[in-house]
Number of protein chains: 2
Amino acid sequence: MTRSTASARPPGRPRSGVNAVVFAATLSTVNELGYAHATVDRIAAAAGVAKTTIYRRWPSKGALIVDCLLDAFGPMPQEGAGRAEFMSSAIHWIAAKISEPGVGDAFAGVFSDAVSDPALREVLSARLQDPYRLALQEALGEPENRVLFFIDVVVGTLLHRMGMTGEPMVDADVARLVEMVLPHFTDDADPA
Amino acid sequence: MTRSTASARPPGRPRSGVNAVVFAATLSTVNELGYAHATVDRIAAAAGVAKTTIYRRWPSKGALIVDCLLDAFGPMPQEGAGRAEFMSSAIHWIAAKISEPGVGDAFAGVFSDAVSDPALREVLSARLQDPYRLALQEALGEPENRVLFFIDVVVGTLLHRMGMTGEPMVDADVARLVEMVLPHFTDDADPA
DNA sequence: TTGGTATCGATACCTTTGGTAGCGAAACTA
DNA sequence: TAGTTTCGCTACCAAAGGTATCGATACCAA
């Protein structure tokens, strides 16, 4: 194929590689000022970039935050011998990620924006939740509705604690969460 | 005492009894337009009241929503013979309330606003969460941190489902939530 | 009846913020 | 050199939370 269809480098000035800088500036700004006060203007200034450059790459602030979270989370580690170890490590992993500076605030903030914004909710569900949901479905062999319930419990609990107290959940409570969730997903073989 | 200190009816024109109308207008507007688009202007118009009247009674939109939710929730029913029945009825009660039109959206919306607003977070925690937390502590004889964990799990799960899907949690999943939470709070006697 | 007080609706206004438009300059290809 | 796209910059718009002001109104007390 003679460099036929895609990825033949588009014409024009290439984009500068500042995505990582923008992501870092986003998290640090959210961490310093909170989600609502982390305006696009401030994020752009912190990144040393014009606001228009950000809107040239992301269609909305919500989309920027989602991409930033995707970059911050990265792939879910597929560790653990059995089901219990796997699920326990997954819960500890997401809890640790949400505890990182700015990540929990950004997550809770974009989540709340999505409540009133169906388009953003679609982005959040498809880009951020679905990859991990599919990985969990495959790794656990559980149907979609049970995996979605698992995500609701784990992420919902962690975000509620973050939103109500402003602080991430302490390790002891994360351990309690694991103890409560695991029996429900390892004892029986899909009773309902 | 000669009507000494408090509640002797303050001077001036008394406030008209439109709080209930404003609460109803708030929930219906949030239900129709979503939290972000339910502006104070629109809520006032729906209630047939001037916007300045609303800001004369509530210091912020968040405070209005919290009062509206307090009015919508009402006191938690203290039903159930044993611990299991009591906790089960409490979970079903809050799930049903969050399913009412506008209530879930308003709850998730004010919750998310609180992430970046410590003052609003304080209002939310003290006015909305604490009464139910204290009732649960007394009814269950559990320490504060365990009751807070219980609230994080139940409310967090319900709100996460609401935020991600836009729909309240179906009864079958609420039942699963009860099945998962109850053993963790009824089997052992405070191991940690 | 008169004065004091606080609420009412209405209007105008301020500030912040997400998002857009237009411009000249720069970077890259052909 | 021509063409294309991104860059930073400035100006701008619209929506929304919140405030200030003003005349009118409802209530109490003297």
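So you know, we letter chains A, B, ... as the sequences are listed, proteins then strands, and number each from 1.
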**Study point:** From CA spacing to verdict: side-chain contact (heavy atoms from CB on, under 4.5 Å), B:L158, B:I94
**Key:** CA-CA 9 Å; B:L158 294 171; B:I94 187 66; 3.9 Å; yes
Review point. Taking it one step at a time, do B:E179 and B:R176 satisfy salt bridge (Lys or Arg N to Asp or Glu O under 4.0 Å)?
Key: CA-CA 5 Å; B:E179 288 174 19; B:R176 272 208 277 222; over 6 Å; no
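At least one test fails for B:R83 against the ring of B:F185: distance under 6.0 Å to the centre or angle within 45° of the axis.
Of the residues in residues 13-22 of chain A, those lying under 4.0 Å from DNA chain D by heavy-atom distance are A:R13, A:R15, A:S16.
Proximity of B:D105 to B:M162: side-chain heavy atoms (C-beta onward) are separated by under 4.5 Å at one or more points.
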Study note, to complete from the structure: In 5'-to-3' order, the base (B), backbone-only (S) or no-contact (-) status of each nucleotide in nucleotides 11-22 of chain D, using a 4.0 angstrom heavy-atom cut-off, is -----SSBBB--
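Hydrophobic clustering (ILVMFWY, side-chain heavy atoms < 4.5 Å, transitive): B:Y35 and B:F23 are in distinct clusters. No path of Ile, Leu, Val, Met, Phe, Trp and Tyr side chains, each step under 4.5 Å between heavy atoms, connects A:L33 with A:I43, placing them in separate hydrophobic clusters. Connection of B:L159 to A:V110 is established within a shared hydrophobic cluster, with ILVMFWY side chains joined at heavy-atom distances below 4.5 Å, either directly or through further cluster members. One hydrophobic cluster, built from ILVMFWY side chains closer than 4.5 Å, holds both A:I98 and A:M87.
In terms of position along DNA chain C, the nucleotide closest to B:P11 lies nearer the 5' end than the nucleotide closest to the other residue of the pair B:P11 and B:V49.
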